[in-house]
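To start, the structure itself, in structure tokens.
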There are 2 protein chains.
Amino acid sequence: MLSIGTLAKRTGTKVQTVRYYEQIGLMPEPGRTDGGQRRYGAAELDRLAFIRHSRDLGFPLEAIRELLDLSDSPEKSCAQIDAVAQRQLKAVEARIARLQSLKAELQRMISECHSDRVADCRILEVLRDHEECLSDHKGPDL
Amino acid sequence: MLSIGTLAKRTGTKVQTVRYYEQIGLMPEPGRTDGGQRRYGAAELDRLAFIRHSRDLGFPLEAIRELLDLSDSPEKSCAQIDAVAQRQLKAVEARIARLQSLKAELQRMISECHSDRVADCRILEVLRDHEECLSDHKGPDL
DNA sequence: GCTTGAACCTACAGTTGCTGTAGCTTCTAT
DNA sequence: ATAGAAGCTACAGCAACTGTAGGTTCAAGC
């Protein structure tokens, strides 16, 4: 049996994060010692490792919840799992595209600034007026 | 003089967001009508446009605060402004690198899944075990 | 001048995914 | 037996907004 600290260390998680996952129902309520401390087994270790790895790959917690639910029905088709992964891939690709357009714009404004005084700094000029930009580079979240 | 709604519309901001910027001191407290409604002039319009455009380029609010402060000293050197932009560029590049490694991993696990049953879905297998991955793809925030 | 409805006001809760703190209790090693 | 590390709960805070409730004001049309 593992303490919460050991479980956290083994999975590269913080103790509070483990408790947070329990609070939002992503991790089950574990057994407790007589004194009230949490004790975990191998199944919980695996589940937490799954959660962490999915987070590292950028899956939102709600998607991870879906994946965990789906993996409880081993005989079903894995089409839904595929769909969740595809959705995540699309999200990642969209973010990359957005960031690349930001990168180009930032590089351009930095390279264009040959001034030395704030008064005619190209960076500020570009930030003041979106018309100075080549692309639209707007979007929801980064 | 512009109402908050007009100001928001002209800059592509939400009314609440404008009030939020005021609350955190990024926008100044504007004049008010006798009835207590906010009224804005051209300077505030420009300032908000600057903030929005900077946000669209991914600058955090604290960086924008720096830029606005710096632009109040037109005779100073623009080295600090350059530094803020460079910092943002580095942050964007780091994010792109991270996301590209996630993208590769996601593509790989999706393409490897030829199964039809959840029980032997490659996606779940990879998520269960980080050793299945090619790269480390870990990092702070996306 | 009056009415109506859109737009405004404040204040606060909720979002995502944690992280940090305070004040206390329990466990484990010596 | 005791000390200190690690655990417990509960709550506040981060970024950067967004949404809601319950009330007030503004501006246009008659």
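Everything numeric in this text was worked out from a predicted model, so none of it was measured. Proteins get letters first, then strands, A, B, ... in listed order; numbering begins at 1 in each. Scope of the values below: all heavy atoms of this structure, side chains included, with no hydrogens, waters or symmetry mates.
Position along DNA chain D of the nearest nucleotide to B/Leu61 versus B/Asp34 favours B/Leu61 as the more 5'-ward residue. Toward the 5′ end of DNA chain C lies the nearest nucleotide of B/Thr6, the other residue of the pair B/Thr6 and A/Glu62 mapping further downstream.
Nucleic acid contact for A/Arg19: base, since at least one base atom lies under 4.0 Å from a heavy atom of the residue. Residue contacts for B/Phe59: at a heavy-atom cut-off of 4.0 Å it reaches no nucleic acid atom on any strand shown. Heavy atoms of A/Ile4 sit under 4.0 angstrom from primed sugar atoms or phosphate atoms, though from no base atom.
Put simply, chain B comes within 4.0 Å of DNA chain C, heavy atom to any atom, from C/dC8 to C/dT10, going 5' to 3'.
If you take CD of A/Gln23 and P of D/dT9, they are 10 Å apart, rounded to a whole angstrom. The CZ-C1' distance, from A/Arg39 to D/dC8, rounds to 12 Å in whole Å. Atom CZ in A/Arg32 sits roughly 12 Å away from atom P in D/dG7 (whole-Å rounding). Atom OH in A/Tyr20 sits roughly 17 Å away from atom C1' in D/dT9 (whole-Å rounding). At whole-Å resolution of the value, CE in B/Met27 and P in D/dA16 are 17 Å apart. One atom, NZ of A/Lys14, and another, P of D/dA6, lie 15 Å apart when rounded to the nearest Å. Following rounding to the nearest Å, A/Met1 (CE) and D/dG7 (C1') show an atom-to-atom distance of 16 Å. Per the geometry, CG belonging to B/Leu48 stands 11 Å off P belonging to D/dC17, to the nearest Å.
No salt bridge links B/Glu44 with B/Arg47; every basic N to acidic carboxylate O contact stays at or beyond 4.0 Å. Using a 4.0 Å cut-off between charged side-chain N and carboxylate O, A/Glu22 and A/Arg19 make no salt bridge. Residues A/Arg38 and A/Glu29 are not paired through a salt bridge, judged by the lack of any N-O separation under 4.0 Å between the basic side chain and the carboxylate. Note on A/Glu66 versus A/Arg87: salt bridge recorded, some NZ/NE/NH1/NH2 to OD/OE distance being below 4.0 Å. Taking the charged nitrogens against the carboxylate oxygens, B/Arg128 and B/Glu125 have no contact shorter than 4.0 Å, which rules out a salt bridge.
Proximity note for B/Gln16 (side chain, C-beta onward) versus D/dT18, D/dA27, D/dT9: the nearest is D/dT18. The side chain of B/Arg52 lies closest to D/dC17 when the candidates are D/dC26, D/dG7, D/dC17. Distance from the side chain of A/Arg38 is smallest to D/dC8 among D/dC8, D/dT25, D/dC17. You'll find that the side chain of B/Thr33 is closest to D/dC26, out of D/dA16, D/dC26, D/dG7.
Listed pair B/Thr17 / D/dT18 meets the phosphate criterion, a side-chain N or O lying under 4.0 Å from OP1 or OP2.
When all heavy atoms of A/Gly12 and A/Arg52 are compared, the pair lying nearest together is O-NE, 4.2 Å.
Within 6.0 Å of the CZ atom in B/Arg117, the count of heavy atoms belonging to other residues, nucleotides or ligands exceeds 12.
Taking the six-membered ring for Trp and thresholds of 30 and 60 degrees, B/His137 and B/His130 have ring planes more than 60 degrees apart, a perpendicular arrangement.
Counting only N and O atoms by type, the side chains of A/Tyr21 and A/Arg55 include no donor and acceptor under 3.5 Å apart.
Residues from residues 95-102 of chain A that place a heavy atom under 4.0 Å from any atom of DNA chain D: there are none.
In this structure a side-chain-to-backbone donor-acceptor pair under 3.5 Å is missing from A/Ser73 to A/Glu75.
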